[in-house]
**Student:** 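Here it is: the structure, laid out below.
Quick note: numbers below take in every heavy atom, side chains included, and nothing from hydrogens, waters or symmetry partners.
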Amino acid sequence: MALTHEILSSLHLADKIGAWGTLGTIRPLKSFDQDFAVEKLAESLETKGNRQLISDIVTSLNNDQRQEVIKLYKDSTQQDLVAKVQKSLSGDLEKAIVGLLKTPAAYDAQELRASMKGLGTDEATLTEILCTRTNTQLREIQEIYKQEYKTDFEKNIISDTSEPYTGLLLALAKGKREKDAGIIDYALIQQDSKVLTALGPKNSPNSDIWIRILSERSLGHLRRVFDQYSNDNSMGIEDGIKKYFKGDFQKAALTLVAVIKNTALYFADKLHNAMKGLGTDENTISRVLISRSETDLLSIRVAYRRKYGKSLYSSLQSEVKGDLQACLLSLCRAEDL
């Protein structure tokens, strides 16, 4: 195990997934019995009784298995499982169970729609999702968004945000990021660092160039560009962003850099901030655990423990209350001693 840990710790997240299979906490249930799951869900939802059982069944399955349950539930009861959950449950637990029953793309589309609906815009959620999803995921999200909400995602971004933040979101939404080729292009690294360092006539950088490089270059390449930028300047890339940009664009660019450098640490920080101080941001905690449960939640748990000296599991126990706590603990899966 020590050798395995050493090998995995030396790899970036994408490489780890390839080497280890998955870094998610939720995996296909080997003893999956969809007839049993549907029977127990139907009983509990009909009587509005055992909320814990509903949570346990849903969190024990991966998303593909949940979709099978949804189909069989419809065939068996002539009712929509998601609609039944919405009618039978309430509050934060209902939101979490509904989120788990949606496909990942549908869930992200729902969260993006909520971030731009009504008065005000939830820039943090918009930025988080667009900065952390793959090219394929981003395309799927936009297809579902148009189907579900009969409106164009990019048009909503334009109407709800302002430049240059709008431009960065639109560039990310296009999902044009290059794949890591496995070849280090030292000339391009130096060129990109030089371009990012260059200032225009008003002693400010060109935000369009920053957007193109940050949204299209491969993750491995960008990590090296950030190192080169630090060498070429008297400050790191984050300090450069803070010095030359402001507002929503600054926040989004800093988020994107954090994700590129260490995705697991970014989400660990996100969870910590959602639980620190007075009040707990249950929506953010639920979204992160639901969306990362089959991707990299194990890595996030490790990053959380290393930085904050406390396990994510124990933090959830102390900061989240009620029925939602049990649901999120099931997604987190285990204590990290």
**Student:** Just so I know, are the side chains of K176 and N135 near enough to count as touching, which here means a heavy-atom distance under 4.5 Å?
**Tutor:** no

**Student:** Evaluate the side-chain proximity of R177 to L172: yes if any heavy-atom separation is below 4.5 Å, no if none is.
**Tutor:** yes

**Student:** What I want to find out is whether K276 reaches E319 closely enough, with some N-O distance under 4.0 Å, to be called a salt bridge.
**Tutor:** no

**Student:** Output the distance between atom CG (L297) and atom CG (L271), rounded to the nearest 0.5 Å.
**Tutor:** 8.0 Å

**Student:** Between the main-chain N or O of K251 and the side-chain N or O of T255, is there a donor-acceptor pair closer than 3.5 Å?
**Tutor:** yes

**Student:** Would you call D227 and R223 a salt bridge, taking side-chain N to carboxylate O under 4.0 Å as the test?
**Tutor:** no

**Student:** Find out if a path of hydrophobic residues (ILVMFWY) with successive side-chain heavy-atom gaps under 4.5 Å connects L265 to L289.
**Tutor:** no

**Student:** Tell me whether Q78 contacts the main-chain N or O of D75 through its side chain, where contact means a donor paired with an acceptor under 3.5 Å.
**Tutor:** yes

**Student:** Please check: side-chain N/O of D160 versus main-chain N/O of T121, any donor-acceptor pairing under 3.5 Å?
**Tutor:** no

**Student:** Can you tell me if D232 and T197 form a side-chain donor-acceptor pair at under 3.5 Å?
**Tutor:** no

**Student:** To the nearest 0.5 Å, tell me how far I141 CD1 sits from T134 OG1.
**Tutor:** 8.0 Å

**Student:** T151: which residues meet the side chain to side chain contact (heavy atoms under 4.5 Å, CB included) condition with it, sequence neighbours left out?
**Tutor:** R113, Y145, Y149, N156

**Student:** Within the distance-only criterion (no hydrogens, no angle test), does the side chain of S293 pair as donor or acceptor with the backbone N or O of I290 below 3.5 angstrom?
**Tutor:** yes

**Student:** Can you confirm whether V69 sits close enough to F32 that some side-chain heavy atom of one is under 4.5 Å from a side-chain heavy atom of the other?
**Tutor:** yes

**Student:** With no hydrogens and no angle check, just 3.5 Å: does a side-chain donor-acceptor pair link N50 and S44?
**Tutor:** no

**Student:** To the nearest 0.5 Å, what is the distance between OG (S215) and CG (L130)?
**Tutor:** 11.0 Å

**Student:** Is the distance between the ring centroids of F245 and W210 under 6.0 Å?
**Tutor:** yes

**Student:** According to a 4.5 Å side-chain heavy-atom criterion applied to Ile, Leu, Val, Met, Phe, Trp and Tyr, with indirect links allowed, do L256 and V288 form part of one hydrophobic cluster?
**Tutor:** no

**Student:** Does this structure show an ion pair linking E43 with K40, if we count only N-O contacts that are shorter than 4.0 Å?
**Tutor:** yes

**Student:** Considering all heavy atoms of both residues, which atom of S218 and which atom of D180 are nearest to each other, and what is their separation?
**Tutor:** OG-OD1, 2.8 Å

**Student:** So R333 and I26, do their side chains get closer than 4.5 Å, heavy atoms only?
**Tutor:** yes

**Student:** So, for C332 and T25, which heavy atoms are closest and what is the spacing to 0.1 Å?
**Tutor:** O-CG2, 3.6 Å

**Student:** Stepwise, does the side-chain contact (heavy atoms from CB on, under 4.5 Å) test hold for Y107 with E111?
**Tutor:** CA-CA 6 Å; Y107 180 61; E111 294 298 286; 3.9 Å; yes

**Student:** Does L100 reach the side chain of C327, with side-chain heavy atoms less than 4.5 Å apart?
**Tutor:** yes

**Student:** Has N63 got a side-chain atom pairing as donor or acceptor with K102's backbone, closer than 3.5 angstrom?
**Tutor:** yes

**Student:** Spell out, as yes or no, whether a donor-acceptor pair under 3.5 Å connects the side chain of K321 to the backbone of S318.
**Tutor:** yes

**Student:** Taking the side chain as every heavy atom from C-beta outward, state whether T132 and R292 have any atom pair closer than 4.5 Å.
**Tutor:** yes

**Student:** Tell me, with the steps shown, if L45 and L81 meet side-chain contact (heavy atoms from CB on, under 4.5 Å).
**Tutor:** CA-CA 9 Å; L45 289 169; L81 179 56; 3.5 Å; yes

**Student:** Between T125 (side chain only) and S115 (backbone N and O only), is there a donor and an acceptor less than 3.5 Å apart?
**Tutor:** no

**Student:** Give a yes or no answer on whether the side chain of D296 reaches the backbone of S299 with a donor-acceptor pair at less than 3.5 Å.
**Tutor:** no

**Student:** Give the C-alpha distance, both sets of side-chain angles, the deciding distance and a yes or no for side-chain hydrogen bond (donor to acceptor under 3.5 Å, both in side chains) between Y308 and S315.
**Tutor:** CA-CA 10 Å; Y308 298 107; S315 293; over 6 Å; no

**Student:** With rounding to the nearest 0.5 angstrom, report the CD to CG distance, E94 to L324.
**Tutor:** 11.5 Å

**Student:** Just by modelled atom types, is the M235 backbone N or O under 3.5 Å from a matching donor or acceptor in the N233 side chain?
**Tutor:** no

**Student:** Let me confirm one number: the CG-CG distance from D323 to L89, rounded to the nearest 0.5 Å.
**Tutor:** 8.5 Å

**Student:** Tell me whether D336 is salt-bridged to R301, with the criterion being a basic N under 4.0 Å from an acidic carboxylate O.
**Tutor:** yes

**Student:** Using side-chain heavy atoms (C-beta onward) and a distance below 4.5 Å, is L112 in contact with L126?
**Tutor:** yes

**Student:** Any side-chain heavy-atom pair from Q228 and K194 closer than 4.5 angstrom?
**Tutor:** no

**Student:** What I want to find out is whether E238 reaches K261 closely enough, with some N-O distance under 4.0 Å, to be called a salt bridge.
**Tutor:** yes

**Student:** Mind checking side chain to side chain donor-acceptor pair (under 3.5 Å) for K270 and listing every partner two or more places apart, or none if nothing turns up?
**Tutor:** E128

**Student:** Any donor-acceptor pair under 3.5 Å linking the side chain of Y165 with the backbone of E123?
**Tutor:** yes

**Student:** Please tell me whether V225 and Y244 are part of a single hydrophobic cluster in this structure, the criterion being side-chain heavy atoms less than 4.5 Å apart.
**Tutor:** yes

**Student:** Say you draw a straight line from CG of L316 to CG of L329; how long is it, rounded to the nearest 0.5 Å?
**Tutor:** 5.5 Å

**Student:** Evaluate side-chain contact (heavy atoms from CB on, under 4.5 Å) for F153 paired with M116, printing each intermediate quantity in order.
**Tutor:** CA-CA 10 Å; F153 177 59; M116 294 185 285; 3.5 Å; yes

